[in-house]
Amino acid sequence: MIGIDEDRAIADLHRLARFGKCGTGVDRLALTDADIAAREWLRGRMAEAGLDASIDRLGTVYGRAPNAKASVLLGSHTDTVPRGGWLDGALGVIFALETARAWRAAHPSAAVGVDAISFTDEEGTFHACLGSQAFCGDVAEADLAPARNAAGESLLARLAELELSGRAAARLDPRRHRAYLEAHIEQGPRLINDGVDIGIVTGIVGVRRHRVRFEGQADHAGTTPMAMRRDASFAMFRFATEVAARFRAVGTAESVWNFGVVSVKPGAANVVANEAEVVTEYRDLSPAVIDRMEAALLDLLRERDGEGGVAVSANMIGAIAPTAMDERLIAKFAAAAEGEKASFRRMQSGAGHDAMILGRRIPAAMMFVPSIGGRSHDISEDTDEADIRRGLRVFARAVEMTLEALGPDGDGAL
Ligand SMILES: [Zn+2]
(Lines give C-alpha, C1' and ligand atoms only; values in the text may rest on other atoms or scores of the structure.)
Protein backbone atom coordinates (compact mmCIF):
# COMPACT_ATOMS: atom_id res chain seq x y z
CA MET A 1 0.00 0.00 0.00
CA ILE A 2 1.32 3.47 -0.89
CA GLY A 3 2.28 5.03 2.43
CA ILE A 4 0.04 8.08 2.28
CA ASP A 5 -0.04 10.46 5.25
CA GLU A 6 -3.67 11.48 5.76
CA ASP A 7 -2.88 14.16 8.35
CA ARG A 8 -0.33 15.79 6.04
CA ALA A 9 -2.86 15.83 3.20
CA ILE A 10 -5.59 17.34 5.41
CA ALA A 11 -3.14 20.00 6.59
CA ASP A 12 -2.25 20.82 2.97
CA LEU A 13 -5.94 21.12 2.06
CA HIS A 14 -6.45 23.62 4.88
CA ARG A 15 -3.28 25.51 3.92
CA LEU A 16 -4.44 25.76 0.30
CA ALA A 17 -7.83 27.07 1.45
CA ARG A 18 -6.12 30.11 3.01
CA PHE A 19 -5.21 31.47 -0.45
CA GLY A 20 -8.14 33.69 -1.43
CA LYS A 21 -10.05 32.76 1.72
CA CYS A 22 -13.62 34.05 1.57
CA GLY A 23 -15.68 33.19 4.65
CA THR A 24 -15.94 29.39 4.76
CA GLY A 25 -14.90 29.15 1.11
CA VAL A 26 -12.39 30.65 -1.29
CA ASP A 27 -12.40 33.20 -4.07
CA ARG A 28 -9.54 32.18 -6.34
CA LEU A 29 -10.47 33.01 -9.90
CA ALA A 30 -7.93 31.87 -12.47
CA LEU A 31 -4.79 34.03 -12.69
CA THR A 32 -5.77 36.40 -9.89
CA ASP A 33 -3.05 37.16 -7.35
CA ALA A 34 -4.63 34.62 -4.95
CA ASP A 35 -4.69 31.91 -7.62
CA ILE A 36 -1.06 32.53 -8.56
CA ALA A 37 0.02 32.57 -4.89
CA ALA A 38 -1.72 29.20 -4.41
CA ARG A 39 0.02 27.84 -7.51
CA GLU A 40 3.44 29.06 -6.32
CA TRP A 41 2.81 27.33 -2.98
CA LEU A 42 1.75 24.13 -4.73
CA ARG A 43 4.84 24.20 -6.95
CA GLY A 44 6.94 24.44 -3.79
CA ARG A 45 5.14 21.48 -2.18
CA MET A 46 5.67 19.40 -5.32
CA ALA A 47 9.37 20.29 -5.35
CA GLU A 48 9.68 19.31 -1.67
CA ALA A 49 8.15 15.98 -2.65
CA GLY A 50 11.02 15.45 -5.09
CA LEU A 51 9.10 16.19 -8.27
CA ASP A 52 10.41 18.39 -11.09
CA ALA A 53 7.83 21.11 -10.53
CA SER A 54 7.08 24.13 -12.67
CA ILE A 55 4.35 26.58 -13.59
CA ASP A 56 3.76 26.67 -17.32
CA ARG A 57 2.95 29.55 -19.68
CA LEU A 58 -0.78 29.43 -18.83
CA GLY A 59 -0.45 28.82 -15.10
CA THR A 60 -0.76 25.02 -15.01
CA VAL A 61 1.39 23.57 -12.20
CA TYR A 62 3.03 20.32 -13.24
CA GLY A 63 5.09 18.08 -10.97
CA ARG A 64 6.93 15.47 -12.97
CA ALA A 65 8.49 12.41 -11.40
CA PRO A 66 12.19 12.65 -12.37
CA ASN A 67 13.89 9.60 -13.91
CA ALA A 68 10.55 7.88 -14.57
CA LYS A 69 10.04 6.88 -18.20
CA ALA A 70 6.33 6.25 -17.71
CA SER A 71 3.84 7.64 -15.24
CA VAL A 72 0.33 7.74 -13.94
CA LEU A 73 -0.88 11.35 -14.07
CA LEU A 74 -3.05 12.59 -11.18
CA GLY A 75 -4.69 15.98 -10.84
CA SER A 76 -7.51 18.49 -10.96
CA HIS A 77 -7.55 22.30 -10.63
CA THR A 78 -6.87 24.94 -7.94
CA ASP A 79 -8.81 27.86 -9.48
CA THR A 80 -12.40 28.45 -8.32
CA VAL A 81 -15.59 30.22 -9.29
CA PRO A 82 -16.31 33.56 -7.52
CA ARG A 83 -17.06 32.88 -3.82
CA GLY A 84 -16.46 29.19 -4.45
CA GLY A 85 -15.94 26.20 -2.18
CA TRP A 86 -12.65 25.15 -0.61
CA LEU A 87 -12.68 21.61 -2.06
CA ASP A 88 -13.81 21.97 -5.69
CA GLY A 89 -10.65 21.06 -7.57
CA ALA A 90 -8.42 21.49 -4.49
CA LEU A 91 -9.38 18.06 -3.14
CA GLY A 92 -8.22 16.31 -6.31
CA VAL A 93 -4.99 18.31 -6.47
CA ILE A 94 -4.05 17.53 -2.85
CA PHE A 95 -4.95 13.84 -3.33
CA ALA A 96 -2.64 13.92 -6.36
CA LEU A 97 0.14 15.66 -4.42
CA GLU A 98 -0.10 13.27 -1.46
CA THR A 99 -0.18 10.14 -3.62
CA ALA A 100 2.73 11.32 -5.81
CA ARG A 101 4.70 12.33 -2.69
CA ALA A 102 4.16 8.99 -0.98
CA TRP A 103 5.04 6.97 -4.10
CA ARG A 104 8.16 9.05 -4.71
CA ALA A 105 9.33 8.63 -1.10
CA ALA A 106 8.91 4.85 -1.27
CA HIS A 107 10.14 4.30 -4.84
CA PRO A 108 12.50 7.17 -5.71
CA SER A 109 14.16 5.37 -8.61
CA ALA A 110 11.18 3.45 -10.03
CA ALA A 111 10.88 3.51 -13.82
CA VAL A 112 7.16 4.20 -13.44
CA GLY A 113 6.37 7.35 -11.50
CA VAL A 114 3.41 9.37 -10.34
CA ASP A 115 3.05 12.87 -11.84
CA ALA A 116 0.77 15.50 -10.27
CA ILE A 117 -0.89 18.44 -12.01
CA SER A 118 -3.14 21.42 -11.27
CA PHE A 119 -4.63 22.64 -14.54
CA THR A 120 -5.20 26.35 -15.05
CA ASP A 121 -8.67 27.92 -15.38
CA GLU A 122 -10.87 24.82 -15.26
CA GLU A 123 -13.75 27.05 -14.19
CA GLY A 124 -13.61 29.20 -17.29
CA THR A 125 -12.76 32.65 -15.94
CA PHE A 126 -11.11 33.19 -19.32
CA HIS A 127 -11.65 29.87 -21.14
CA ALA A 128 -13.25 26.74 -19.61
CA CYS A 129 -10.82 23.84 -19.06
CA LEU A 130 -8.05 26.00 -20.52
CA GLY A 131 -5.21 24.15 -18.82
CA SER A 132 -6.30 20.62 -19.64
CA GLN A 133 -7.20 21.57 -23.20
CA ALA A 134 -3.85 23.27 -23.76
CA PHE A 135 -2.09 20.29 -22.15
CA CYS A 136 -3.81 18.00 -24.67
CA GLY A 137 -3.04 20.32 -27.60
CA ASP A 138 -6.71 21.21 -28.08
CA VAL A 139 -6.31 25.01 -27.90
CA ALA A 140 -5.01 26.97 -30.87
CA GLU A 141 -3.09 30.22 -30.31
CA ALA A 142 -5.94 31.92 -32.16
CA ASP A 143 -8.34 30.80 -29.39
CA LEU A 144 -6.25 32.53 -26.72
CA ALA A 145 -6.20 36.01 -28.24
CA PRO A 146 -9.92 36.81 -27.76
CA ALA A 147 -10.19 35.20 -24.30
CA ARG A 148 -11.27 37.74 -21.65
CA ASN A 149 -12.63 37.56 -18.13
CA ALA A 150 -15.93 39.10 -16.98
CA ALA A 151 -14.16 42.42 -16.34
CA GLY A 152 -12.93 42.49 -19.95
CA GLU A 153 -9.32 41.79 -19.04
CA SER A 154 -7.40 39.95 -21.75
CA LEU A 155 -5.92 36.53 -20.97
CA LEU A 156 -2.74 37.23 -22.95
CA ALA A 157 -2.25 40.62 -21.27
CA ARG A 158 -2.66 39.04 -17.83
CA LEU A 159 -0.21 36.24 -18.66
CA ALA A 160 2.31 38.85 -19.82
CA GLU A 161 1.78 40.86 -16.63
CA LEU A 162 2.47 37.70 -14.59
CA GLU A 163 5.59 37.06 -16.71
CA LEU A 164 4.30 33.61 -17.63
CA SER A 165 4.05 34.17 -21.39
CA GLY A 166 7.61 33.18 -22.27
CA ARG A 167 7.57 29.93 -20.35
CA ALA A 168 7.38 26.39 -21.70
CA ALA A 169 4.00 24.67 -22.08
CA ALA A 170 3.26 21.54 -20.06
CA ARG A 171 2.16 18.93 -22.61
CA LEU A 172 0.60 15.52 -22.57
CA ASP A 173 2.97 12.77 -23.65
CA PRO A 174 0.89 9.65 -24.37
CA ARG A 175 4.06 7.51 -24.26
CA ARG A 176 4.74 8.71 -20.72
CA HIS A 177 1.28 9.39 -19.31
CA ARG A 178 -0.35 5.94 -19.29
CA ALA A 179 -3.46 6.95 -17.38
CA TYR A 180 -5.13 9.97 -15.75
CA LEU A 181 -6.97 9.70 -12.44
CA GLU A 182 -8.89 12.54 -10.80
CA ALA A 183 -10.70 12.77 -7.47
CA HIS A 184 -13.36 15.43 -6.96
CA ILE A 185 -16.25 16.33 -4.71
CA GLU A 186 -19.59 15.19 -6.11
CA GLN A 187 -21.10 18.72 -6.26
CA GLY A 188 -24.54 17.16 -6.04
CA PRO A 189 -26.70 15.40 -3.42
CA ARG A 190 -26.85 11.79 -4.57
CA LEU A 191 -24.07 10.20 -2.50
CA ILE A 192 -24.87 12.11 0.69
CA ASN A 193 -28.62 11.47 0.43
CA ASP A 194 -28.16 7.73 -0.07
CA GLY A 195 -25.32 7.34 2.44
CA VAL A 196 -22.86 6.11 -0.22
CA ASP A 197 -19.14 6.71 0.44
CA ILE A 198 -17.65 6.86 -3.07
CA GLY A 199 -18.98 7.68 -6.54
CA ILE A 200 -17.15 6.07 -9.45
CA VAL A 201 -17.69 8.08 -12.59
CA THR A 202 -18.69 6.05 -15.64
CA GLY A 203 -18.71 9.03 -17.96
CA ILE A 204 -19.03 12.79 -18.17
CA VAL A 205 -22.16 14.01 -19.86
CA GLY A 206 -22.20 15.79 -23.18
CA VAL A 207 -23.70 19.25 -23.49
CA ARG A 208 -25.44 20.94 -26.39
CA ARG A 209 -26.72 24.50 -26.53
CA HIS A 210 -29.09 26.19 -28.94
CA ARG A 211 -29.97 29.84 -29.18
CA VAL A 212 -33.62 29.94 -30.31
CA ARG A 213 -34.80 33.21 -31.84
CA PHE A 214 -38.34 34.51 -32.27
CA GLU A 215 -39.20 37.42 -34.56
CA GLY A 216 -42.60 39.08 -34.47
CA GLN A 217 -43.74 42.69 -34.58
CA ALA A 218 -43.66 45.50 -32.02
CA ASP A 219 -47.08 47.02 -31.30
CA HIS A 220 -48.87 48.99 -28.63
CA ALA A 221 -49.67 46.52 -25.83
CA GLY A 222 -52.90 48.34 -24.95
CA THR A 223 -54.50 48.95 -28.31
CA THR A 224 -53.56 45.89 -30.39
CA PRO A 225 -56.21 43.13 -30.13
CA MET A 226 -54.79 39.80 -28.92
CA ALA A 227 -55.67 38.02 -32.15
CA MET A 228 -53.69 40.55 -34.23
CA ARG A 229 -50.46 40.40 -32.26
CA ARG A 230 -47.24 38.87 -33.55
CA ASP A 231 -45.93 38.41 -30.03
CA ALA A 232 -42.35 37.08 -29.94
CA SER A 233 -42.23 36.73 -26.15
CA PHE A 234 -45.45 34.70 -25.99
CA ALA A 235 -44.08 32.38 -28.69
CA MET A 236 -40.82 32.00 -26.77
CA PHE A 237 -42.40 31.08 -23.44
CA ARG A 238 -44.74 28.58 -25.09
CA PHE A 239 -41.81 27.07 -27.01
CA ALA A 240 -39.77 26.64 -23.81
CA THR A 241 -42.66 24.86 -22.07
CA GLU A 242 -43.30 22.61 -25.04
CA VAL A 243 -39.67 21.73 -25.67
CA ALA A 244 -39.26 20.73 -22.00
CA ALA A 245 -42.17 18.28 -22.40
CA ARG A 246 -40.57 16.82 -25.53
CA PHE A 247 -37.14 16.51 -23.84
CA ARG A 248 -38.88 14.58 -21.07
CA ALA A 249 -40.46 12.28 -23.65
CA VAL A 250 -37.26 11.47 -25.60
CA GLY A 251 -34.70 11.77 -22.78
CA THR A 252 -33.78 9.38 -19.98
CA ALA A 253 -34.23 9.72 -16.22
CA GLU A 254 -30.69 11.18 -16.17
CA SER A 255 -31.23 13.79 -18.92
CA VAL A 256 -31.25 17.43 -17.79
CA TRP A 257 -32.05 20.72 -19.51
CA ASN A 258 -32.06 24.38 -18.70
CA PHE A 259 -33.16 27.77 -20.02
CA GLY A 260 -30.42 29.92 -18.55
CA VAL A 261 -30.55 32.98 -20.80
CA VAL A 262 -33.67 34.80 -21.92
CA SER A 263 -34.03 38.16 -23.61
CA VAL A 264 -37.04 40.10 -24.87
CA LYS A 265 -36.95 43.25 -27.00
CA PRO A 266 -37.65 46.09 -26.90
CA GLY A 267 -38.21 45.12 -23.27
CA ALA A 268 -41.00 47.46 -22.21
CA ALA A 269 -44.17 46.50 -20.35
CA ASN A 270 -46.39 48.42 -22.77
CA VAL A 271 -44.87 47.09 -26.02
CA VAL A 272 -45.63 43.74 -27.65
CA ALA A 273 -42.19 42.15 -28.07
CA ASN A 274 -40.86 41.97 -31.62
CA GLU A 275 -37.81 39.92 -30.70
CA ALA A 276 -37.16 37.20 -28.13
CA GLU A 277 -34.34 34.75 -27.55
CA VAL A 278 -33.83 31.79 -25.25
CA VAL A 279 -30.69 29.73 -24.82
CA THR A 280 -31.56 26.07 -24.24
CA GLU A 281 -28.91 23.76 -22.85
CA TYR A 282 -29.36 20.00 -22.50
CA ARG A 283 -27.10 17.20 -21.27
CA ASP A 284 -26.93 13.43 -21.29
CA LEU A 285 -24.28 10.72 -21.16
CA SER A 286 -25.46 9.11 -24.39
CA PRO A 287 -24.70 10.79 -27.73
CA ALA A 288 -27.83 9.10 -29.16
CA VAL A 289 -30.03 10.64 -26.47
CA ILE A 290 -28.51 14.09 -27.05
CA ASP A 291 -29.20 13.65 -30.78
CA ARG A 292 -32.83 12.71 -30.00
CA MET A 293 -33.20 15.82 -27.83
CA GLU A 294 -31.80 18.00 -30.60
CA ALA A 295 -34.15 16.41 -33.14
CA ALA A 296 -37.10 17.05 -30.78
CA LEU A 297 -36.11 20.72 -30.51
CA LEU A 298 -35.74 21.14 -34.26
CA ASP A 299 -39.04 19.32 -34.98
CA LEU A 300 -40.87 21.63 -32.61
CA LEU A 301 -39.20 24.63 -34.22
CA ARG A 302 -40.45 23.59 -37.67
CA GLU A 303 -43.95 23.00 -36.32
CA ARG A 304 -44.15 26.40 -34.64
CA ASP A 305 -42.31 28.51 -37.23
CA GLY A 306 -44.66 31.17 -38.59
CA GLU A 307 -47.45 30.43 -36.11
CA GLY A 308 -49.03 33.64 -34.78
CA GLY A 309 -46.93 35.59 -37.27
CA VAL A 310 -43.72 34.77 -35.40
CA ALA A 311 -40.71 33.32 -37.24
CA VAL A 312 -38.65 30.82 -35.23
CA SER A 313 -35.03 29.92 -35.93
CA ALA A 314 -32.22 28.32 -33.98
CA ASN A 315 -28.50 27.94 -34.13
CA MET A 316 -26.26 25.65 -32.14
CA ILE A 317 -23.85 27.70 -30.02
CA GLY A 318 -22.09 24.92 -28.17
CA ALA A 319 -21.54 21.19 -28.27
CA ILE A 320 -19.36 19.05 -26.03
CA ALA A 321 -19.38 15.32 -26.68
CA PRO A 322 -19.85 12.95 -23.73
CA THR A 323 -16.63 11.29 -22.54
CA ALA A 324 -16.69 7.71 -21.32
CA MET A 325 -14.27 6.83 -18.53
CA ASP A 326 -11.94 3.86 -18.96
CA GLU A 327 -13.58 0.59 -17.82
CA ARG A 328 -10.28 -0.87 -16.59
CA LEU A 329 -9.68 2.14 -14.35
CA ILE A 330 -13.32 2.14 -13.21
CA ALA A 331 -12.76 -1.47 -12.10
CA LYS A 332 -9.69 -0.39 -10.13
CA PHE A 333 -11.66 2.29 -8.28
CA ALA A 334 -14.32 -0.34 -7.48
CA ALA A 335 -11.73 -2.81 -6.22
CA ALA A 336 -10.03 -0.04 -4.22
CA ALA A 337 -13.34 0.92 -2.60
CA GLU A 338 -13.98 -2.73 -1.71
CA GLY A 339 -10.47 -2.95 -0.27
CA GLU A 340 -11.24 0.04 1.97
CA LYS A 341 -14.69 -1.38 2.88
CA ALA A 342 -16.22 1.75 1.39
CA SER A 343 -19.66 1.62 -0.20
CA PHE A 344 -19.65 2.86 -3.78
CA ARG A 345 -21.88 3.59 -6.72
CA ARG A 346 -21.20 3.91 -10.43
CA MET A 347 -22.60 7.23 -11.61
CA GLN A 348 -22.34 9.77 -14.39
CA SER A 349 -20.95 13.25 -13.89
CA GLY A 350 -23.35 16.00 -14.87
CA ALA A 351 -20.60 18.60 -14.50
CA GLY A 352 -17.59 19.01 -16.78
CA HIS A 353 -14.12 18.19 -15.44
CA ASP A 354 -10.52 18.10 -16.67
CA ALA A 355 -10.88 14.28 -16.87
CA MET A 356 -13.33 14.87 -19.73
CA ILE A 357 -10.54 16.52 -21.75
CA LEU A 358 -7.84 13.99 -20.79
CA GLY A 359 -10.22 11.05 -21.36
CA ARG A 360 -10.31 11.76 -25.08
CA ARG A 361 -6.55 11.17 -25.31
CA ILE A 362 -5.51 8.64 -22.69
CA PRO A 363 -7.34 6.20 -20.38
CA ALA A 364 -8.94 8.33 -17.65
CA ALA A 365 -11.21 7.83 -14.65
CA MET A 366 -12.69 9.84 -11.79
CA MET A 367 -14.03 9.25 -8.32
CA PHE A 368 -16.29 11.43 -6.16
CA VAL A 369 -16.59 11.95 -2.42
CA PRO A 370 -19.93 13.15 -0.95
CA SER A 371 -20.77 16.86 -0.77
CA ILE A 372 -22.67 17.93 2.36
CA GLY A 373 -26.15 19.00 1.27
CA GLY A 374 -25.02 18.56 -2.33
CA ARG A 375 -23.76 22.15 -2.18
CA SER A 376 -21.05 23.38 -4.54
CA HIS A 377 -19.89 26.48 -6.43
CA ASP A 378 -20.60 28.35 -3.21
CA ILE A 379 -18.69 29.07 -0.01
CA SER A 380 -21.07 26.70 1.84
CA GLU A 381 -19.54 23.71 0.01
CA ASP A 382 -18.04 21.14 2.40
CA THR A 383 -17.29 17.45 2.91
CA ASP A 384 -17.04 15.54 6.18
CA GLU A 385 -13.37 15.01 7.06
CA ALA A 386 -13.94 11.25 7.50
CA ASP A 387 -15.19 11.16 3.89
CA ILE A 388 -12.10 13.08 2.69
CA ARG A 389 -9.79 10.64 4.48
CA ARG A 390 -11.65 7.59 3.17
CA GLY A 391 -11.63 9.08 -0.32
CA LEU A 392 -7.86 9.59 -0.18
CA ARG A 393 -7.31 5.98 0.87
CA VAL A 394 -9.50 4.68 -1.97
CA PHE A 395 -7.80 7.00 -4.47
CA ALA A 396 -4.26 6.02 -3.44
CA ARG A 397 -5.20 2.33 -3.55
CA ALA A 398 -6.60 2.72 -7.08
CA VAL A 399 -3.39 4.48 -8.16
CA GLU A 400 -1.35 1.67 -6.67
CA MET A 401 -3.42 -0.93 -8.56
CA THR A 402 -2.87 1.04 -11.75
CA LEU A 403 0.90 1.11 -11.15
CA GLU A 404 0.87 -2.62 -10.44
CA ALA A 405 -0.94 -3.29 -13.71
CA LEU A 406 1.61 -1.21 -15.63
CA GLY A 407 4.41 -3.27 -14.12
CA PRO A 408 7.98 -2.23 -13.25
CA ASP A 409 8.74 -1.03 -16.78
CA GLY A 410 5.40 0.63 -17.39
CA ASP A 411 4.56 -1.45 -20.44
CA GLY A 412 1.91 -3.69 -18.88
CA ALA A 413 -1.74 -3.48 -19.89
CA LEU A 414 -4.07 -1.51 -17.63
ZN1 LIG B 1 -13.98 21.30 -10.19
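Every number for a ligand or one of its atoms is a count from 1 in the order of the listing. Computation of the quantities below employed the complete heavy-atom set of this structure, encompassing side-chain atoms and omitting hydrogens, waters and symmetry-equivalent molecules.
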Polar protein atoms near the Zn ion (ligand 1) [N, O or S; cut-off under 2.8 Å]: H77 NE2, D88 OD1, H184 NE2

Test item: E281 and R208 side chains (from C-beta on) under 4.5 Å apart, heavy atoms: no

Carboxylate-amine/guanidinium contact R238 E307, below 4.0 Å: yes

F395 and F95 aromatic ring geometry - parallel, tilted or perpendicular at 30°/60° bounds: tilted

Mutual orientation of the aromatic rings belonging to Y62 and H177 [parallel < 30°, tilted 30-60°, perpendicular > 60°]: perpendicular

Using distance only, find each side-chain donor-acceptor pair of residues 139-147 under 3.5 Å and give its atom names and separation, not counting sequence neighbours.
residue: E141; atom: OE1; partner: R57; partner atom: NH2; Å: 3.4
residue: E141; atom: OE2; partner: R57; partner atom: NH1; Å: 3.2
residue: E141; atom: OE2; partner: R57; partner atom: NH2; Å: 3.2
residue: D143; atom: OD2; partner: A140; partner atom: N; Å: 3.1

Stepwise side-chain hydrogen bond (donor to acceptor under 3.5 Å, both in side chains) check, T202 with Q348: CA-CA 5 Å; T202 52; Q348 66 180 43; over 6 Å; no

